[in-house]
Amino acid sequence: MKIKSMHIKSMHIKSKLTKEFFNRDTVEVAKLLLGKVLKHGKTSGIIVETEAYKGKEDEASHAFKRTERSGLMYDSYGKFYIYFVYGKNFCINVTAEKKKAGAVLIRALEPLSGIDIMKKRRKTDDIGNLTNGPGKLCQALGINKKFNGTEINDKIEIFNTDLRPEIIKSSRIGIQKAKDFDWRFYIKDNKFVSVR
DNA sequence: TCTCAGATCGTCT
DNA sequence: GACGATCTGAGAT
C-alpha cells in the first residue's frame, strides 16, 4: 500500500506492530514509535512526537503510584492506556516494559488518511491543527476512554512503515511550555530530536 | 468532599 | 507568546 500525504512524498505501510514490540525499554519504545502509523477506523496518522513515562521511576507518570487506574501499566504491555484530563481531553498511551509499569504517550501525528473525518471531528479545516497535540489527535481519530485497556491492533492499530525519522519532513511540532520532561522525542525538519 | 490534572482554545498584548 | 477559563473524573483525605 502506497500512501501520499502533505509532507511525505511516499511511504509503504508494512505489517502491524506485534504486542512483543512493546516488551522492551520504555524509552526505546518511544523512539521506535516515531514514523509508525496510528490508525483507528478510516483515520490514521504518522506518529511524529512521543514521550516516555518510566512508570515507577518517573514522578510524572500516573504509574509512579499504583492505583486502580494505573494498575493497567503494572499488569501489561502492548495495551492502550487512555485517560481523561482537564475535563475535556483524552490522551492515548501504549503500555510498555511491564516490569517498570512504563507507558509511551503519543503526542502528535502527521495526518495521513480520513482527513475529512478529522476536520469534522475537530471542527476546523486547518490540517496543521488536526493532530498536533495529544488531546487533538484523540479527538481527530475518535479515540476516547472506551478504548482504555484494549489490546494493540484490536480496535486501534499501529503499523510498521519504511519511514525513518530522518526522511520525514514535518512542518509542525514545536515544544510546548518546557517543563521538566525527561524523555521526549520528536521529529523536526527531518531530524530526530530528543529533549531533556 | 476536595483538589487538581504533562491540554486546548480564545483573547489580549 | 502569554495567560486565563474551561469544568469531568480520578485520587487523596
Side-chain angles (χ1 to χ4, degrees), chain A residues 22 25-34 38 40 43 45-77 79-97 100-111 114-115 117-150 156 170-189 192-196:
Chain A
F22 298 92
D25 178 75
T26 307
V27 174
E28 196 62 23
V29 173
K31 288 180 183 173
L32 291 171
L33 276 179
L34 294 173
L38 180 72
H40 179 229
T43 54
I46 297 158
I47 299 170
V48 294
E49 189 174 348
T50 60
E51 194 171 310
Y53 287 90
K54 289 173 71 73
K56 291 181 269 190
E57 298 174 3
D58 184 354
E59 268 184 77
S61 170
H62 287 180
F64 187 63
K65 289 181 184 171
R66 182 166 188 153
T67 62
E68 193 179 342
R69 184 172 65 163
S70 68
L72 180 70
M73 288 182 272
Y74 282 78
D75 296 334
S76 72
Y77 58 87
K79 282 190 177 183
F80 288 105
Y81 170 59
I82 294 160
Y83 60 87
F84 187 66
V85 285
Y86 293 104
K88 286 183 177 177
N89 306 304
F90 293 99
C91 293
I92 183 168
N93 299 251
V94 193
T95 62
E97 201 176 5
K100 294 181 179 173
V104 175
L105 172 67
I106 299 172
R107 299 191 59 88
L109 304 176
E110 182 97 8
I115 290 175
I117 299 171
M118 294 190 200
K119 284 178 178 174
K120 275 188 188 167
R121 287 177 176 154
R122 291 275 303 122
K123 297 186 176 97
T124 176
D125 283 333
D126 181 0
I127 290 183
N129 196 25
L130 291 177
T131 53
N132 60 334
K136 294 177 186 179
L137 75 89
C138 284
Q139 194 180 2
L141 270 65
I143 293 168
N144 56 46
K145 212 189 158 191
K146 76 177 178 190
F147 300 106
N148 184 42
T150 56
I156 303 165
S170 177
S171 61
R172 63 143 253 110
I173 306 302
I175 305 273
Q176 296 187 351
K177 287 174 188 172
K179 292 187 180 174
D180 295 330
F181 294 126
D182 278 351
W183 317 102
R184 174 180 281 187
F185 308 96
Y186 68 106
I187 297 163
K188 183 181 172 68
D189 300 331
F192 179 85
V193 182
S194 69
V195 183
R196 188 168 174 81

May I ask you to verify if any side-chain N or O of [X] is less than 4.0 angstrom from the OP1 or OP2 atom of [N]?
| X | N | value |
| --- | --- | --- |
| A:T67 | C:dG11 | yes |
| A:K88 | C:dG9 | no |
| A:R69 | C:dG9 | no |

Quick one: look up who C:dC7 pairs with, Watson-Crick or G-U, both distances under 3.5 Å, and put none if it's unpaired.
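C:dC7 is paired with nothing.
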Rounded distance (nearest 0.5 Å) linking atom CD1 of A:I47 with atom CZ of A:R107:
13.5 Å
Atom-to-atom span, CZ of A:F64 to C1' of C:dG11 - whole angstrom
15 Å
Can you identify which nucleotide, out of C:dT8, B:dA7, C:dG11, has its nearest atom closest to the A:F84 side chain?
C:dT8
Between C:dT6, B:dA7, C:dA12, which nucleotide has the shortest distance from any of its atoms to the side chain of A:P134?
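When the side chain of A:P134 is considered, B:dA7 is the closest of C:dT6, B:dA7, C:dA12.
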C:dC7 and B:dT1: how far apart are their P atoms, nearest whole angstrom?
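Going atom to atom, P in each nucleotide, I get 22 Å.
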Just checking A:R122: base, sugar-phosphate only, or nothing, at a heavy-atom cut-off of under 4.0 Å?
sugar-phosphate
Remember a base hit wins even if backbone is also touched, and classify A:K145 as base, sugar-phosphate or nothing at under 4.0 Å, heavy atoms.
sugar-phosphate
Aromatic centroids of A:F80 and A:F147 separated by under 6.0 Å
no
A:H40 and A:G142: which non-hydrogen atoms are nearest, and at how many Å?
CE1-O, 3.5 Å
Considering heavy-atom distances to DNA chain C, does A:K65 or A:V85 have its closest nucleotide positioned more toward the 5' end?
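It is A:V85 whose nearest nucleotide is closer to the 5' end.
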Report yes or no: is there a donor-acceptor pair, N or O only, under 3.5 Å between the side chain of A:K136 and the base of B:dT8?
no
